[in-house]
Amino acid sequence: MGNSLMHTCLYCLLKLFVGICFLSSIVSSQCLEHQRSVLLQIKQELSIDPQFVTDSKLLSWTPTKNCCLWDGVTCDLQTGYVVGLDLSDSSITSGINGSTSIFSLHHLQYLSIAGNELYSSPFPSGFSRLSSLTHLNLSWSGFFGQVPAEISFLRKLVSLDLSSYPFGLEEPVTLQNPDIETVVENLTRLRVLHLDGIDLSMAESRLWAVLSTKLPNLRVLGLSNCNLAGVLHPSLLQLEQLTDLQLSGNNFSSRVPDFLAKFSSLKTLHLSYCGLYGIFPNSLFLMRTLRSLDVSYNSNLIGTLPAEFPSGSRLEVINLSGTMFMGNLPHSIVNLVFLQDLEISQCSFSGSIPSSFENLTELRYLDFGRNNFSGPVPSLALSEKITGLIFSHNHFSGFIPLSYANGLNYLEVLDLRNNSLKGMIPPDLFTKPLLRSLDLSQNQLNGQLKEFQNASSSLLREMYLSENELQGPIPVSIFKIRGLNVLGLSSNQFNGTINFEMIKDTNELTTLDLSGNNFSFEVSGVNSTLFSHIGKLGLGSCNLKEIPGFLTNLMNLFHLDLSNNKIKGEIPKWIWKLGNENLVYLNLSNNMLSGFDKPIPNLSPGNLVVLDLHSNLLQGPFLMPSHSIIHLDYSHNQFSSSLPSRIFENLTYASFVSLSSTIPQQLTTLTFLSVLKLSQNLLVGEIPQGNQFGTFTSAAFEGNTGLCGPPLTKTCSHALPPMEPNADSGNGTWGIDWNYYWIGFGCGGGMGLNIGFVAGTVAINIFVKGRGRGRRRRFHTYIHQ
């Protein structure tokens, strides 16, 4: 009987297989000739970005193949008509307009042109000819201009995605004439609507009422980056079937409404970057249906995690990063058995990670960075699916869990920087099968790194071990990691001899920082082709006695640090041409350099942003800085005490003076000056007047007994004669001593500059108010003595 049953099953399986093959042959035979012709005409009309032509779906569109089997083409099994056309992510640059043959496929039910490069193409007309469409996806396609009114005639649509790049990044997509109310008037079957990136501010007053009354079947609503403001209206509750609500990137500037917890089917709620404030309602965490919650980067949103997560929670994603959430992780977090992604960086969480956290087996990604967590780092030995662990900038202590090295085989990113971890680094970390980024910098890790096996098979791209207490020679194994892109080993206690031939196998290395160790280097006869990809090179505090000659051929170099060495002699003129004259950062401070190789270079046309030459033995005239300079330090040298007046022509973004005689009149020409401090120096003479100088208070000049004139109460006994140009310079010079310089810089409107001189020290801070809704951007650059 058993054999009979087996034969019967085999016979059924054989019939099923024959049936499938027969069905396949039927589909193959149903490629209609006129449909094939239309598709080939579409292929001829479309232009593909030549960089990606080999990846195009259209490569399979050849006359010798059944058109129903072409990539992106779906045919009706019975009629053979093309009912689905997926041209998404095909690198299409042009060829879709009102006369495109796409609109000749009258039986189309599904059409996607998403993710293409049609940046110079307005929306085409002709959609009304596709009356059978149920799914239309034009998102991120590059189309611009007014959404065509014809879309409102597609009464069978159940899914419409017109998402665009946020306004201001590309040519905008508009919904004004017709407006959103007109477009959706007849689309009563819509279940999915995405209008992300379209400016809907003009329709805001009636938007929520239109959506809730015109689209009763809506389940997915995406209105991210739509320039919406005000508050969410309770009329949204009329959308009883809503499962996904995505409103990130708007400017509601309101509290999180409690009524959101009343949606009975809501699975996704995304409200990041919305200007939300106040106390976050914990009832949202307790929603039985919710799977993804993202309220990140609402910097004034306050909250704590609920003390008791319900046992039936379906939450898979929680993102609270960049908010004011605080407190401890509750033990009840173990109830989130489906949790995959927990991002709570840049908050105020504290305490240790509860032991129950170790039982969350579905975790994929954790970001706890920039909080106040303490205690040991969780081992997560049971979370075998995890791909990313970020515990940086906390107060974790203890050792790196062995499970990170011996388990967690799907781990791609491990970031433990800036904690208080100690002990040795498990060597198996370097050869985890999928690990691409490893950051253990700014800890107290010690001991000697051991050699490890199979380095050539490692996928590591970034390795940061700086600012620890690591000792001994660098393992040769590290330089066998072929794909290594960034290697940071600075500020440790490494020693031994570095032969740059060691790096010959790391031919993709772009950043190498060996600064602040106890190395000795073999720099003569180095093959510069070994460094062909290097863009950032740190050799500070490396006991160098000369500027390595192999640097001359580094065509990609933009950042070079040779500070705190024992380099003597003149700065060679070829150094200013490094990186094919695209050098941005050069630090030669704290050496014994005595001058400049002749002729003295003029750096004005260059791209240098940071030039630090302080604490050397430099003599002679000052270098003319580049127009792009932000941070310039010539202090503690033996320059002549004259500064070319024309140097101020290059101070569009920076200033760098420390004075021991008079304040130069040229400072009054820096009209972006908003804050000035010249206190506690040895300045003499009359304070210049004009422009912003008239707005500074006496506090900016206090501690200089030789100064006089407004805003000080001390009057000048007589008018000081104007300073005469120095005879050594045809353009004139001014008596100025250079000293320590610091600057912060940002771009945009509302620029300010802060210069401070304290006991011969200059401090400069440029800030801006960024364009955009209340955002303030600030950049700082520091040089430490």
Side-chain angles (χ1 to χ4, degrees), residues 51-52 54-55 387-388 390 405 409-417 425 427-441 449-466 470 473-492 494 496-515 517 519 521-523 525-540 542 548-562 578-586 607:
Q51 297 182 70
F52 305 104
T54 56
D55 300 325
T387 62
I390 301 176
N409 289 329
Y410 293 98
L411 195 62
E412 298 178 15
V413 176
L414 178 60
D415 186 353
L416 302 177
R417 64 184 152 158
I425 299 174
D428 290 342
L429 265 182
F430 301 122
T431 54
K432 293 194 68 62
L434 299 177
L435 192 65
R436 298 178 183 275
S437 180
L438 175 64
D439 194 342
L440 306 177
S441 59
L449 296 182
K450 297 180 180 180
E451 298 286 349
F452 48 90
Q453 302 294 320
N454 303 317
S456 60
S457 63
S458 172
L459 297 180
L460 266 176
R461 303 285 294 174
E462 302 172 342
M463 184 191 301
Y464 301 94
L465 306 180
S466 299
L470 301 171
I474 300 174
V476 176
S477 312
I478 286 180
F479 297 104
K480 299 293 184 182
I481 301 176
R482 298 183 182 279
L484 197 61
N485 189 252
V486 177
L487 178 59
L489 302 175
S490 64
S491 301
N492 278 285
F494 288 119
T497 299
I498 296 292
N499 184 332
F500 285 110
E501 294 291 327
M502 295 166 60
I503 74 167
K504 64 179 183 296
D505 292 323
T506 54
N507 53 14
E508 295 185 25
L509 201 62
T510 61
T511 297
L512 176 62
D513 194 352
L514 303 175
S515 302
N517 285 286
F519 296 123
F521 289 85
E522 295 179 6
V523 296
V526 175
N527 182 1
S528 60
T529 60
L530 299 174
F531 293 82
S532 59
H533 295 283
I534 289 286
K536 183 176 180 180
L537 181 61
L539 297 176
C542 283
F550 68 82
L551 298 176
T552 56
N553 296 318
L554 303 191
M555 292 295 98
N556 293 306
L557 195 68
F558 65 89
H559 179 117
L560 177 62
D561 183 0
L562 298 176
L578 285 177
N580 203 20
E581 299 190 39
N582 288 315
L583 199 64
V584 173
Y585 178 104
L586 178 61
N607 297 307

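Values in this document were obtained by computation on a predicted structure and should not be read as measured data. Throughout, numbering of the chain's residues begins at 1 and tracks the sequence.
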Salt bridge (Lys or Arg N to Asp or Glu O under 4.0 Å) partners for [X], two or more places apart:
X	answer
D505	K480
R461	E508
E501	none
K536	none

Side chain to side chain donor-acceptor pair (under 3.5 Å) partners of N553, counting only residues at least two apart:
S528
Who passes side chain to side chain donor-acceptor pair (under 3.5 Å) against Q453, sequence neighbours left out?
none
With sequence neighbours excluded, tell me which residues meet side chain to side chain contact (heavy atoms under 4.5 Å, CB included) with [X].
X	result
F52	D49, D55, S91, E117
D439	D415, R417, S441, Y464
S437	V413, E462
P433	N409

Tell me, which pairs form a side-chain hydrogen bond (donor to acceptor under 3.5 Å, both in side chains) where one or both residues lie in residues 481-490, sequence neighbours left out?
S466-S490, N485-T510
Please identify which of these residues, L487, L438, T431, meets the side chain to side chain contact (heavy atoms under 4.5 Å, CB included) condition with L460.
L438
Separation between CG of N517 and CG of L539, rounded to the nearest 0.5 Å:
11.0 Å
Cut-off 3.5 Å, no hydrogens considered: what does the side-chain donor-acceptor table look like for residues 554-561, sequence neighbours left out?
| residue | atom | partner | partner atom | Å |
| --- | --- | --- | --- | --- |
| N556 | ND2 | S532 | O | 2.6 |
| D561 | OD1 | S563 | N | 2.9 |
| D561 | OD1 | S563 | OG | 2.7 |

Would you say that T506 contacts L512 through its side chain, given a criterion of any heavy-atom pair below 4.5 Å between the two side chains?
no
